[in-house]
Amino acid sequence: MSAAAVPVIALDGPGGTGKGTVGLQLAQRLGWHFLDSGMLYRALALQALRQGLAMTAEAALAALVETLELDFVRPGPMAGRALLAGEAVELRSESCATAASRLAVLPQVRQALLVRQQAYRHPPGLVADGRDMGSVVFPDARLKIFLTATPEERARRRFRQLENMGIAARLSDLIEAVNQRDARDRDRAQSPMQSALDAVVIDTTGLSRAAVLRRVVTLWERRACVL
Ligand code: C5P
């Protein structure tokens, strides 16, 4: 099967819409591969911070993509943990997300990461989550979904997530961080976060993850029937 023939489901949208969880569950249900593209941006940011690179050093950051050794543990109790050159690392912190969104505005970095993301397309299929999966990385995806939710709801979800991890945070700070990251992702010149023209938009405000997953599965079953 050529890579282009491998079906892709693209799941885009801002952080805190549950696309990571929904995407992983969808991939498990279909027996497909899963790409959480934000992890690539976060891993690059962490590696750059460790090497003392500025998040604006475009050529050096793009070159760093070539040497980035990123793997994910699966399956087992450590499933989903990122391994940077074999070392388990924490990429979910707010500081990592902020650094990632700063280097994500750089065209050379996005270009270098494009090929790496496309390399995850293997049979029998790929569920890819991010900001530009349907619009840029996999424009031929069989199904494109764009998840949204109000910034307040997304900040509340993040607050609960941090609380469960035992990390103290202020909701007002999280709302501000969500708004700032949205603005950076939406307003950048290259591959801004936007819903592809042919994407189905689902507003997840007030919906449980299980309800969102059900909607996505129904959309895919309908789509798969007519393809
Ligand atoms: O999805 P996640 O919150 O892990 O992404 C972290 C940051 O990486 C985003 O705020 C965004 O700036 C960047 N990103 C991107 N394109 C993607 C995935 C992530 O620009 N496909």
Side-chain angles (χ1 to χ4, degrees), residues 8-24 27 34-49 55-56 58 61-62 64-65 68 70 72 80-82 84 89-121 126-139 141 144-149 151 153-155 157-159 161-162 165 169 174-196 199 204 209 212:
V8 175
I9 297 178
L11 214 51
D12 287 305
T17 47
K19 60 188 182 346
T21 316
V22 170
L24 182 59
F34 176 60
L35 166 65
D36 178 346
S37 61
M39 286 298 211
L40 281 169
Y41 285 87
R42 287 170 184 257
L44 183 66
L46 180 64
Q47 188 69 357
L49 287 169
M55 293 304 133
T56 48
E58 185 165 6
L61 290 166
L64 193 59
V65 172
L68 195 69
L70 179 67
F72 296 100
R81 276 306 289 273
L84 205 48
V89 286
E90 181 49 76
L91 299 177
R92 290 265 158 231
S93 67
E94 283 305 300
S95 57
C96 209
T98 302
S101 80
R102 289 188 60 212
L103 58 78
V105 305
L106 304 171
Q108 285 182 38
V109 170
R110 300 201 72 84
Q111 185 58 37
L113 282 172
L114 181 70
V115 182
R116 277 200 75 143
Q117 294 170 90
Q118 289 170 338
Y120 282 84
R121 189 172 191 169
L126 176 71
V127 176
D129 109 41
R131 304 288 186 288
D132 58 349
M133 297 296 102
S135 54
V136 176
V137 182
F138 302 108
K144 300 179 186 179
I145 293 178
F146 194 86
L147 299 181
T148 64
E153 168 97 8
R154 290 186 284 126
R157 288 176 186 164
R158 181 70 182 143
F159 182 77
Q161 203 178 33
L162 290 173
M165 287 157 70
L174 292 176
I175 293 176
E176 198 183 319
V178 160
N179 281 323
Q180 278 178 4
R181 192 140 72 93
D182 280 1
R184 238 192 326 264
D185 288 348
R186 207 177 37 228
D187 298 340
R188 66 180 174 230
Q190 190 167 349
S191 307
M193 173 176 67
Q194 60 186 4
S195 149
T204 69
R209 300 249 160 103
V212 178

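Just follow the structure's listing: the first ligand is 1, and inside any ligand the first atom is 1.
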Original post:
Are any of the heavy atoms in Arg110 under 4.0 Å away from ligand 1?
Top reply: yes
Original post:
Just by modelled atom types, is the Val137 backbone N or O under 3.5 Å from a matching donor or acceptor in the Gln118 side chain?
Top reply: yes
Original post:
For ligand 1, which atoms sit closer than 4.0 Å to a heavy atom of Lys19?
Top reply: 1 (O)
Original post:
Does ligand 1 have an atom that lies less than 4.0 angstrom from a heavy atom of Arg184?
Top reply: no
Original post:
Quick one: does Arg188 get an N or O within less than 3.5 Å of an N or O on ligand 1?
Top reply: yes
**OP:** Report yes or no: do Ser101 and Arg181 form a side-chain donor-acceptor pair below 3.5 Å?
**Re:** no
Original post:
In ligand 1, which numbered atoms sit nearer than 4.0 Å to a non-hydrogen atom of Arg42?
Top reply: 2 (P), 3 (O), 4 (O), 6 (C)
**OP:** For atom 9 (C) of ligand 1, find the nearest protein heavy atom and state the residue, atom name and distance (0.1 Å precision).
**Re:** Arg131 NH2, 3.3 Å
Original post:
Looking only at protein heavy atoms, which one is nearest to atom 12 (O) of ligand 1, and how far off is it?
Top reply: Asp185 OD1, 2.5 Å
Original post:
What is the closest protein heavy atom to atom 8 (O) of ligand 1, and at what distance does it sit?
Top reply: Tyr41 CB, 3.5 Å
**OP:** Using a strict 4.0 Å cut-off to heavy atoms of Ala104, name the atoms of ligand 1 that fall inside it.
**Re:** 12 (O), 13 (C), 20 (O)
Original post:
Is a side-chain donor or acceptor of Arg154 paired with a backbone partner of Gly15 at a separation under 3.5 angstrom?
Top reply: yes
**OP:** Taking Gln47 for its side chain and Ala43 for its backbone only, find out whether a donor-acceptor pair lies under 3.5 Å.
**Re:** no
Original post:
Side chain of Arg116, backbone of Val65: donor and acceptor closer than 3.5 Å?
Top reply: yes
Original post:
So, Asp12 side chain and Asp132 main chain: donor-acceptor pair closer than 3.5 Å or not?
Top reply: yes
Subject >> Lys19/Asp36 salt bridge by N-O under 4.0 Å criterion >> reply: no
Subject >> N or O contact, Asp36 vs ligand 1, cut-off under 3.5 Å >> reply: no
Subject >> Per-atom contacts of ligand 1 with Met133, taking only distances under 4.0 Å to non-hydrogen atoms >> reply: 21 (N)
**OP:** Give a yes or no on whether the backbone of Ser191 and the side-chain of Arg188 come within a donor-acceptor separation of less than 3.5 Å.
**Re:** yes
Original post:
Are side-chain N/O atoms of Ser37 and Arg42 paired as donor and acceptor at under 3.5 Å?
Top reply: no
Original post:
Hey, does Ser37 sit under 4.0 Å from ligand 1 if you only count heavy atoms?
Top reply: yes
Original post:
For ligand 1, is Arg102 a contact, meaning one of its heavy atoms is under 4.0 Å away?
Top reply: no
